[in-house]
A.B. asks: 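Sending over a structure as structure tokens; questions will come in a sec.
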Amino acid sequence: MTVDPIAWLHGHQVAPRSDIGLSIRAGFGIGVAVVAESARAAAPPQHGETVLPVRARNSIAETSSAETVHAGFLGDPAELVRAIDIEFAPRLVWWDRTTADPLAAGGVAIARCWDVVTVHRLLHGGWRTSVARVWAWLHDLSDASMPQMGQMDLLGALSDGGVDEGDPEDPVRPDGYLRPEWVTGAFALSTDRLGSWAALALTAASRQRERLAMRPDPVRALSTAHSESAAEYLCAELAAGGLPIDMSTAMALITDAVGSRPTSHGDEDRLRGERDQRVLDLVPPGPRIDLRNPADVKSMLRRVGVDLPDTRAWRLEEHRERHPVVAELLRWRKVERIATTYGYRWLDEHVVPAAGGGRLRGDWSSADGAAGRMTASAGLHNLPVELRSAVAAEPGHLFVRADLGQIEPRVLAAVSGDPALIEATRDDDLYEPIAQRLRVERSVAKVAVLGAMYGATTGESAHALRRLEQAYPVAMSFLEAAAEQGRRGEEVLTVGGRLIKMWSDDPNGQHFDAAGVGNIDRARQVAAARGRFARNALIQGAAAEFFKVWTITFRTRARSTGANIVLCLHDELLIHVPVAHVDESAQVLLDALAEAAHRWSPSPDVRFTADVSVIERWSDAK
DNA sequence: ATCGTAGGCGCC
DNA sequence: AAAGGGCGCCTACGAT
């Protein structure tokens, strides 16, 4: 017997915009689940007008539990999910990227989703997690006694003797933990089990909603769960798509910096030696120096009369004139960066051939483990400015690039609600009105505001800080309250409801460092660092939440234009657009900014700005 | 051998 | 202007 999955869903009278659980094993099948309350059991499938072009569907015996009804289907998941999305406009609920990635790779536009692991990071903080841990946490089960895959093999009868193993077809063990063999996916490779797994994602999501409802602002927290899930799906799309690279420009830039591609290991060693020698030639003879060893570099500099506590670039910069070797060393470091990190190997490993050039592909995550900014690997977030001319739009396309203006102080105004600071955001350059109010130079005002948000304590900004406290008391006490919570070791919440974890004092605090700094000073240092972190995390984290709302709003509003987001960089967006649609896309970006501000900002009068330009190469940005 | 850490630097 | 928050990635080094 074959049943159309869409007909199956109709048979259960799934309401529009309800939750539909999904579990996909790439290249295998898809599990679909709905909440039993919203489903009418045992109704015959409604064939006829609802049938959509979904190929190769085999129904598997429907299974139901108290909460959910589910079934598994074979066929092309992308096609099926596209049909479900059009037909039911549901919120698609899945565990993690194992389901999102094949959909994104298949080019499926998902309107609304719920990514359980992503929401867990919001609820629980941190980055390292797993489906098993998420489930355990939602059921108040300890991490320590969590069953491990292969535990039985390692410990034999000791671990499982006397334990009720229950029904292996149930993904949940009698003790409440998930079965490891289900989590790893090995056991779930049957369509029926994929259905159970999808149903369990629905259960997890429902528990997560209960936890989100306990946040100080439950409505906002739920909204954040939605936007962060959408951002995670965008990350799946970014990972599948990649950043357009003009290979000949990339090659030319690298050759310019480090010479032509080495032909052998010997050749590579020779080039490396020659690069080093240009620096070493400038110091008097002595013991061998390894430029990659900071201690060696320090003694090398001491040999020419430059004695420094460390060899960081900004410090070396101050001593550039003292000896020619300093400038040469700084030059060496830049070249070495290209040779080791952004050289031929980098291109080989991360750029995949594509129409008219290549695509730089990396892993993307919607939230780091700290304040919740997006992360990317493969150099996508730290590409040296000198290499950005290699990022070029493909034939028939242009980039629409946009970056948010002065986002952190504007976000500070929004989350603190400081009336005077909100007033300052009306200016295109908000440091101008601040400078006037403080009666200082603009540059001083800027340093002071940034210093207040980063937790700077010394130097020029310390004086202006006191002025800031008088002029913007609401914003400054907001920051100070966060810092104080951090210093005490307490967790803090971003405005969107993300939990910011705090680390504890070193438990084995017997350590005295070389300077003889003891436990008390050490504890004070840890507290101060936590204070700076908490102070910054509430701003950085809120800015990340706003940026993601802006980005996914654009993604939704621009679906029809063929515009593709190819890079997200904290406050900057790079969008790859067919030439015919660049003006429209630029306008949609600005509209999306207004919409995001309206939906996100806790203070309605805060003004957000973005600089938008149409360019051929990333380096063309002003 | 394999791992984690530290110094360093790229970007925001 | 000072050297503060985040990330990923490279190297060397010391622990296991």
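Within every chain, numbering begins at 1; the chains are lettered A, B, ... in the order of the sequence lines, protein sequences first and strands thereafter. Keep in mind that what you see is a predicted model, and the values were worked out from it rather than measured. Values reported hereafter were calculated over all heavy atoms of this structure, with side chains retained and with hydrogens, waters and symmetry mates removed.
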A.B. asks: What's the CZ-P distance between A/R530 and C/dG6, to the nearest Å?
C.D. replies: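 In whole Å, C/dG6 P lies 13 Å from A/R530 CZ.
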A.B. asks: Of all the choices, C/dA12, C/dG6, C/dC9, which nucleotide is nearest to the side chain of A/A370 once you look at every atom?
C.D. replies: C/dG6
A.B. asks: Under 4.0 Å, heavy atoms only, any strand: does A/A313 hit a base, just the sugar-phosphate, or nothing?
C.D. replies: sugar-phosphate
A.B. asks: Which nucleotide, C/dC13, C/dC10, C/dG5, lies nearest any side-chain atom of A/Y454?
C.D. replies: C/dG5
A.B. asks: Using a 4.0 Å cut-off to any heavy atom of chain A, which nucleotides of DNA chain B are the first and last in contact, reading 5' to 3'?
C.D. replies: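 Listing 5' to 3', DNA chain B meets chain A from B/dG7 to B/dC12.
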A.B. asks: Need one value for A/R535: base, sugar-phosphate or nothing, where a base atom within 4.0 Å counts as base even if backbone is also close, heavy atoms only.
C.D. replies: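 Answer is nothing: A/R535 stays at 4.0 Å or more from every strand.
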A.B. asks: Could A/R373 and A/F547 be counted as a cation-pi pair, given that NZ or CZ must be under 6.0 Å from the ring centre and within 45° of the axis?
C.D. replies: no
A.B. asks: When all nucleic acid strands are considered with a 4.0 Å heavy-atom cut-off, which category describes A/K446: base, sugar-phosphate, or nothing?
C.D. replies: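 If one applies the 4.0 Å heavy-atom cut-off, A/K446 turns out to touch nothing in the nucleic acid.
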A.B. asks: Is A/R373 touching bases, backbone alone, or none of the nucleic acid, heavy atoms closer than 4.0 Å?
C.D. replies: base
A.B. asks: Do side-chain atoms of A/R530 reach the backbone of A/R487 as a donor and acceptor pair under 3.5 angstrom?
C.D. replies: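 Confirmed, A/R530 side chain pairs with A/R487 backbone.
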A.B. asks: In terms of side-chain heavy atoms of A/H570, which of C/dG6, C/dC9, C/dG5 is nearest?
C.D. replies: C/dG6
A.B. asks: Check every strand shown and say whether A/R292 touches a base, only sugar-phosphate, or nothing at a heavy-atom separation below 4.0 Å.
C.D. replies: sugar-phosphate
A.B. asks: How far does NZ of A/K548 sit from OG1 of A/T553, to the nearest 0.5 angstrom?
C.D. replies: 13.5 Å
A.B. asks: Nearest-Å distance, CH2 (A/W127) to P (C/dG8)?
C.D. replies: 7 Å
A.B. asks: Taking any heavy-atom pair under 4.0 Å as a contact, classify A/S443: base, sugar-phosphate, or nothing.
C.D. replies: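 Since no nucleic acid heavy atom lies under 4.0 Å of A/S443, the category is nothing.
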A.B. asks: Between A/N536 (side chain only) and A/R532 (backbone N and O only), is there a donor and an acceptor less than 3.5 Å apart?
C.D. replies: no
A.B. asks: Would you call the rings of A/W600 and A/F546 parallel, tilted or perpendicular, taking 30° and 60° as the class edges?
C.D. replies: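 Aromatic pair A/W600/A/F546 classed tilted.
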